[in-house]
Engineer: 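One structure follows; several queries about it will come next.
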Amino acid sequence: MSTLLIPIAPLSRTKSRLRDCFSKELLKELTIAMFKDLAEKVSLLDCFDPKIVYCNSDEILSLAREYGLLGIKEEMSTPRKKFDQVIQDLNTIAVSRYNAKSTIFTFLDVVLISKTNFKEINDLLKIHDLVVCPAIHSGGISILGRKPPNLIPTYFSEPQLPSFVALLNQARIKGLNYAIYDSFRAGFDIDLKQDLILAFEYLKIFNLENSETYKFLKSNLKLTLYKKGTRDNRIFEIKKIK
């Protein structure tokens, strides 16, 4: 059985790239909405034990306990740790305190991910040593499974290459037995302004209108996308809704 690891930035620092879309208070509300949706999904899964939420914010840790998840408080430091170090710290906790033999990292903003996605990723990790789901837009990583947990470092803080590319380059060099989990739903995450608008539409398409994230976006998102020109789906203009 794998250990599920969910690192979450402090609410005071959450989703800083979206500060031109929402106030700090609304960004906190968005984070809590996304967390509730993720926590509800993983709380129903019996293929992970334990399910660890790693965050400095007491509000998130309290919610984690309400959903039957294990909350561990991240100790903050100055200067701030790079994300790779945060990941390593959580990985070390899973191994040293809970004797984790395999770990799967998931992140807060994979708002379309399903319980089936988690089960399939866990099944892949039973027969592979490394399972990676690439992020749809960025060349980053949305889900990462490792067996053993210290099989290979992460490359989220790599200065030159996207983390997915950097990780797979090293996996090939090391000759690791890896699998790429190719999934739109598991690979879609929210990082930039246009991701919010797409998330709102995709949540409707996948019948996730009861999710807390959808309800938040419906109430607070005042942006929409328009194609620039008639032929190119890759160039958008973001407009405010009056």
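Computed over heavy atoms, backbone and side chain alike; hydrogens, waters and symmetry mates excluded. If you're wondering where the values come from, they're calculated on a predicted model, not measured in any experiment.
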Engineer: For Phe164 and Tyr155, run ring pair (Phe, Tyr, Trp, His ring centres under 6.0 Å): C-alpha distance rounded to whole Å, both residues' side-chain angles, the deciding distance at 0.1 Å, then the answer.
Structural biologist: CA-CA 8 Å; Phe164 175 72; Tyr155 295 88; over 10 Å; no
Engineer: How long is the span from the CD1 atom in Ile8 to the SG atom in Cys55, to the nearest 0.5 Å?
Structural biologist: 5.5 Å
Engineer: Using the six-membered ring wherever Trp is involved, compare the ring planes of Phe216 and Phe22 and label them parallel, tilted or perpendicular (cut-offs 30° and 60°).
Structural biologist: perpendicular
Engineer: What is the distance from atom OG1 of Thr213 to atom CD of Glu29, rounded to the nearest 0.5 Å?
Structural biologist: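 Atom-to-atom, Thr213:OG1 and Glu29:CD are 12.5 Å apart.
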Engineer: Please round to the nearest 0.5 Å and tell me the distance separating atom CG of Leu125 and atom OH of Tyr178.
Structural biologist: 15.5 Å
Engineer: If only side-chain N and O atoms count, and only distance matters, is there a donor-acceptor pair under 3.5 Å linking Tyr181 with Glu120?
Structural biologist: yes
Engineer: How about Phe156 and Phe107: are their ring centres within less than 6.0 Å of each other?
Structural biologist: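 For Phe156 and Phe107, the ring centres are under 6.0 Å apart.
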Engineer: Taking atom types as modelled, find out whether Gln88 and Asp84 have a side-chain donor-acceptor pair closer than 3.5 angstrom.
Structural biologist: no
Engineer: Between the side chains of Ser138 and Asp191, does any donor sit under 3.5 Å from an acceptor?
Structural biologist: no
Engineer: Please check this pair: side chain of Asp109 against backbone of Asp189, looking for a donor-acceptor N/O pair closer than 3.5 Å.
Structural biologist: no
Engineer: Would a 4.5 Å heavy-atom cut-off, applied to side chains only, mark Ile104 and Leu5 as touching?
Structural biologist: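 Answer no - side chains too far apart.
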Engineer: Give a yes-or-no answer on whether the side chains of Ser2 and Ser102 include a donor-acceptor pair shorter than 3.5 Å.
Structural biologist: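 Yes.
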Engineer: Flag the pair Asp195 / Leu18 as yes when at least one side-chain heavy-atom distance between them is below 4.5 Å, and no otherwise.
Structural biologist: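 Not in contact.
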